Amino acid sequence: RYRSDYSKKGRYLGYESSVSIVDNYLYVSENGGLFYCVDLNTMELVWAQDTKDDSNSSPLFDWGEDDRGYIYTAPSLHWTQKNHKGVISIYKLDAQTGEIIWTHEMECETHDGISGGVQSSPLMGKKGSDIEDLIIYTVGRSPTAWKGQLVALNKHTGEVVWQASTGNYTWSSPVALYNEDGKSYIFLGNASGVCRLVDGATGELLDTVDLDQTIEASPVVFNDTVIIGTREGVYAFRIY
């Protein structure tokens with residue numbers, strides 16, 4: 001149904017991420033390394049941006065304080081890896097034009113054909129909380145194949161506010177819990193089954209629970225309870 005310069009060079013066509021839709025505009029990343037904005041009324045391409053590599057992470061749309069729309073997206077390490085190593089970028093794009101506002105590079109690896117980089121969706125801080133200006137990503141197989149990182153970036157500038165280890169690599173998305181004062185806590189699970197509770201403002205590790213089961217799914221939060229699925233079961237945690 002479509003072609004690109006990348007697909008002509010042998011890169012895959014197609015999509016593995018979810019989309020973001022605002023009004024009649026659809027935003028989606030694709031396997032070849034491009035990011036598209038499509039007008040759903042006409043099914044015509046509005047703009048395309050080169051994000052360099054295969055994307056599995058779903059894009060996040062945010063209305064800025066300037067009343068302009070912005071997109072956050074990040075790829076995995078596939079086509080651009082050399083000897084199983086490489087760099088991926090987290091991107092902030094102008095939703096109207098596709099212009100790159102900022103990028104943040106992360107070193108990562110692939111292993112046995114399984115890509116490193118970003119496989120999860122980002123967490124954006126809730127307005128009025130202590131992380132309201134942060135966009136937070138898990139980056140798998142970073143900086144090495146059996147490691148992962150949780151990185152919190154200032155959403156306005158792309159600068160690193162804090163960065164923390166996830167132990168083993170992480171495909172699961174992070175989620176946030178908030179108290180009545182807007183204090184944030186981040187919950188995430190890694191591929192070897194270790195669940196972490198992290199201070200949202202600082203990245204400080206507060207607690208861990210080892211399920212010893214592979215976690216690939218993303219958790220959900222209901223009040224003070226986090227529910228997460230593994231390859232062997234579903235678990236609920238109450239956060240005190």
Side-chain angles (χ1 to χ4, degrees), residues 1-8 11-80 87-106 108 115-127 131-140 151-158 170-176 217-218 220:
R1 299 294 182 108
Y2 73 97
R3 292 176 182 267
S4 71
D5 286 343
Y6 279 148
S7 69
K8 293 174 185 177
R11 292 193 183 189
Y12 301 147
L13 295 171
Y15 310 91
E16 292 180 283
S17 72
S18 300
V19 303
S20 290
I21 296 176
V22 180
D23 296 328
N24 55 301
Y25 297 103
L26 177 146
Y27 301 94
V28 65
S29 55
E30 57 109 41
N31 290 331
L34 298 175
F35 192 99
Y36 296 132
C37 173
V38 177
D39 187 326
L40 293 175
N41 288 335
T42 63
M43 294 305 296
E44 293 182 350
L45 183 68
V46 178
W47 54 257
Q49 180 56 258
D50 186 358
T51 51
K52 307 299 182 185
D53 215 326
D54 175 14
S55 287
N56 301 292
S57 171
S58 299
L60 186 151
F61 182 97
D62 180 47
W63 285 113
E65 295 176 356
D66 55 1
D67 292 328
R68 291 184 67 84
Y70 296 96
I71 292 284
Y72 298 87
T73 187
S76 55
L77 181 68
H78 185 174
W79 307 111
T80 58
V87 173
I88 62 95
S89 291
I90 298 169
Y91 293 87
K92 180 178 182 177
L93 306 178
D94 186 305
Q96 285 82 356
T97 66
E99 175 190 0
I100 296 174
I101 305 300
W102 55 251
T103 64
H104 175 70
E105 294 185 345
M106 300 285 292
C108 51
S115 298
V118 177
Q119 307 283 5
S120 62
S121 298
L123 164 66
M124 177 164 286
K126 181 180 177 180
K127 187 175 182 180
I131 58 171
E132 66 176 351
D133 292 324
L134 301 187
I135 183 82
I136 301 168
Y137 274 92
T138 57
V139 185
V151 59
L153 306 175
N154 182 300
K155 70 177 186 179
H156 306 294
T157 66
T170 301
W171 288 348
S172 177
S173 300
V175 294
S218 298
V220 295

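No experiment lies behind these values; they were computed from the predicted model shown. We number each residue from 1, following the sequence as shown.
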> Judged by atom type as modelled, is there a donor-acceptor pair below 3.5 Å linking the side chain of S4 to the main-chain atoms of Y6?
Replying inline: yes
> Roughly how far, to the nearest 0.5 Å, is the CG atom of L77 from the CD atom of Q119?
Replying inline: 10.0 Å
> Of all residues at least two apart in sequence or in a different chain, which pass the ring-ring contact (aromatic ring centres under 6.0 Å, His included) check with Y15?
Replying inline: Y2
> Under 6.0 Å from the CG atom of D5, do we count more than 12 heavy atoms belonging to anything else shown?
Replying inline: no
>> Would you say that more than 12 heavy atoms from the other residues, nucleotides or ligands in this model lie under 6.0 Å from the OH of Y25, or not?
In response: no
> Between L93 and I100, is any pair of side-chain heavy atoms under 4.5 Å apart?
Replying inline: yes
> Is there a side-chain contact between N56 and W171 (heavy atoms, below 4.5 Å)?
Replying inline: no
>> Whether the side chain of Y70 engages the backbone of G64 through a donor-acceptor N/O pair (distance < 3.5 Å, no angle test) should be reported.
In response: no
> Where is the tightest heavy-atom contact between S120 and S57, given as atom of each residue plus distance?
Replying inline: O-OG, 2.6 Å
> Does the N31 side chain pair with the main chain of D54, one donor and one acceptor, at a distance under 3.5 Å?
Replying inline: no
>> I'd like to know if the side chain of T80 and the backbone of D53 have a donor-acceptor N/O pair within less than 3.5 Å.
In response: no
> Are any non-hydrogen side-chain atoms of Y72 and Y137 less than 4.5 angstrom apart?
Replying inline: yes
>> Minimum heavy-atom separation for T138 and S172, please, with both atom names.
In response: OG1-O, 3.4 Å
> Once you round to the nearest 0.5 Å, how far does CD of E132 lie from CE of M124?
Replying inline: 11.0 Å
> To the nearest 0.5 Å, how far apart are CG in L26 and CG in D23?
Replying inline: 12.5 Å
> Looking only at atom types and distance, does a side-chain atom of S58 sit under 3.5 Å from a main-chain N or O of S17, one as donor and one as acceptor?
Replying inline: no
> Shortest non-hydrogen contact from P122 to I135?
Replying inline: CB-CD1, 3.8 Å
> Looking only at heavy atoms, what is the nearest atom pair of N154 and W102, with distance?
Replying inline: O-CZ2, 3.9 Å
>> Please give me the minimum heavy-atom distance between G32 and W79, naming the atom from each residue.
In response: O-CD1, 3.9 Å
> Hey, mind stepping through V175 and L123 against side-chain contact (heavy atoms from CB on, under 4.5 Å) and telling me if it holds?
Replying inline: CA-CA 6 Å; V175 294; L123 164 66; 5.8 Å; no
>> Using side-chain heavy atoms (C-beta onward) and a distance below 4.5 Å, is L153 in contact with L134?
In response: no
> What is the distance from atom CZ of R68 to atom CG of D62, rounded to the nearest 0.5 Å?
Replying inline: 13.5 Å
>> For the CD atom of E105 and the CD1 atom of I90, what is their distance to the nearest 0.5 Å?
In response: 10.5 Å
> Closest approach of S55 and S29, non-hydrogen atoms and distance?
Replying inline: CB-OG, 3.2 Å
> Would you say S173's side chain and S121's backbone share a donor-acceptor pair under 3.5 angstrom?
Replying inline: yes
>> Let me confirm one number: the NZ-NE2 distance from K92 to H104, rounded to the nearest 0.5 Å.
In response: 15.0 Å
> Is a donor on one side and an acceptor on the other found under 3.5 Å between the side chain of Q49 and the backbone of G98?
Replying inline: yes
